[in-house]
Q: 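Here it is, the structure, as C-alpha cells.
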Amino acid sequence: MATRCSGRVGGYVSGQFLVAITAGFCSFIFLEIVGLGQYAVALAIVIVFTDFIPMVGGLIGCVIITLIGLTDNVWTGVACLVYGVVYQQIENYVVAPRIMRRAVDIPGAVTVIAALLGGALLGVVGALLAIPTAAAILLIIREVWVRKADTS
C-alpha cells in the first residue's frame, strides 16, 4: 500500500513537471509572437518554476510577464495580462486535470476540488499537498473500503 501511495506521489510530481513545461513552452511561443523575443527564454523558465505552485503559480508568472511587457509597451503589457489570465484558466480546468488524471489516476474533478480546498485551507502548502493527499485517500478507499465491501 505504501509503495502504491509513493508511486502516486511520484506520478503527481512528474505530472506537475509536465504541466509546468507546457506552460513554459506556450509562454515562450506567446512571447516570441508578441515581440518580447529577447526575454522569451528567461521568462519561459520563470514561468516553469512559478507554475510548480498549483492554481496560483501561473498567476504569479503572469504578473511577472505583464510587468516586463509594460516596460516595452502598454499594449504588450495588456496582451501579456490577457494571455496569462486565459492560459491560467485553460491550464487549471483543462490541461492540469487531464495530465493529473493520467499521472495520479484520480478524476479531473477531484483534482480541481482538492487543489482548491487545499489552497483555501492551508494556502500554497495546502495546494501543493492537496493532489497527492487526494490520490492517497482515493487509493485507500479503493483498496480497503471497497474491497472490504466486496467481500461482505
Q: List the atom of Ala79, the atom of Val34, and the distance in Å for their closest heavy-atom pair.
A: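 Heavy-atom minimum between the residues: CB-CG2, 4.1 Å.
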Q: Under a 4.5 Å cut-off applied to non-hydrogen side-chain atoms, are Asp51 and Val19 in contact?
A: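 Touching, per the 4.5 Å side-chain cut-off.
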Q: Report yes if the side chains of Ser27 and Tyr83 come closer than 4.5 Å at any heavy-atom pair, otherwise no.
A: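 A side-chain contact exists here, since the closest heavy-atom pair is under 4.5 Å.
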Q: Check Thr66, Ile68, Asp72 against Leu70 for a side chain to side chain contact (heavy atoms under 4.5 Å, CB included) and give me the one that passes.
A: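 Answer after filtering Thr66, Ile68, Asp72: Thr66.
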Q: Hey, any chance Ile64 and Phe30 share a hydrophobic cluster, counting ILVMFWY side chains that come within less than 4.5 Å of each other, even indirectly?
A: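 Shared cluster, yes.
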Q: Please report the shortest heavy-atom distance between Ala114 and Ala130, naming the atom on each side.
A: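 Heavy atoms only, the tightest pair is O-CB, 3.0 Å.
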Q: Which one of Val74, Asn73, Val78 satisfies the side chain to side chain contact (heavy atoms under 4.5 Å, CB included) criterion with Thr76?
A: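 Only one of Val74, Asn73, Val78 forms a side chain to side chain contact (heavy atoms under 4.5 Å, CB included) with Thr76, namely Asn73.
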Q: What closest approach, in Å, do Ala40 and Glu32 show between heavy atoms, and which atom pair accounts for it?
A: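 Heavy-atom minimum between the residues: CB-OE2, 3.6 Å.
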Q: Can you spot which of Ile47, Ile65, Val41 makes a side chain to side chain contact (heavy atoms under 4.5 Å, CB included) with Leu31?
A: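 That would be Ile65.
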Q: With the 4.5 Å side-chain cut-off for hydrophobic clustering, are Leu59 and Val86 part of the same group?
A: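 Leu59 and Val86: separate clusters.
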Q: Side chains of Tyr87 and Thr22: closer than 4.5 Å at any heavy-atom pair?
A: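 A side-chain contact exists here, since the closest heavy-atom pair is under 4.5 Å.
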Q: CD1 of Ile99 to CD1 of Ile21: how many Å apart, nearest 0.5 Å?
A: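 Here the rounded value is 11.0 Å.
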Q: What's the separation between atom OG1 in Thr133 and atom CG in Leu138, rounded to the nearest 0.5 Å?
A: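 Rounded to the nearest 0.5 Å, the OG1-CG separation comes to 12.0 Å.
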Q: According to a hydrophobic-cluster definition based on side-chain heavy atoms being under 4.5 Å apart (Ile, Leu, Val, Met, Phe, Trp, Tyr only), do Leu121 and Val125 belong together?
A: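 No, Leu121 does not connect to Val125 through the hydrophobic network.
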Q: What closest approach, in Å, do Cys62 and Cys80 show between heavy atoms, and which atom pair accounts for it?
A: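 Result for this residue pair: SG-O, 4.2 Å.
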Q: Do the side chains of Val82 and Val94 join up, straight or via other hydrophobic residues, at under 4.5 Å, putting them in one cluster?
A: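 As far as the 4.5 Å side-chain criterion goes, Val94 and Val82 are connected within one cluster.
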Q: Which pair of non-hydrogen atoms, one from Glu91 and one from Pro97, has the smallest distance, and what is that distance?
A: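 Distance-wise, the nearest heavy atoms are O-CD, 3.8 Å.
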Q: Same hydrophobic cluster for Leu18 and Phe28, using side-chain heavy-atom links shorter than 4.5 Å among ILVMFWY?
A: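 No.
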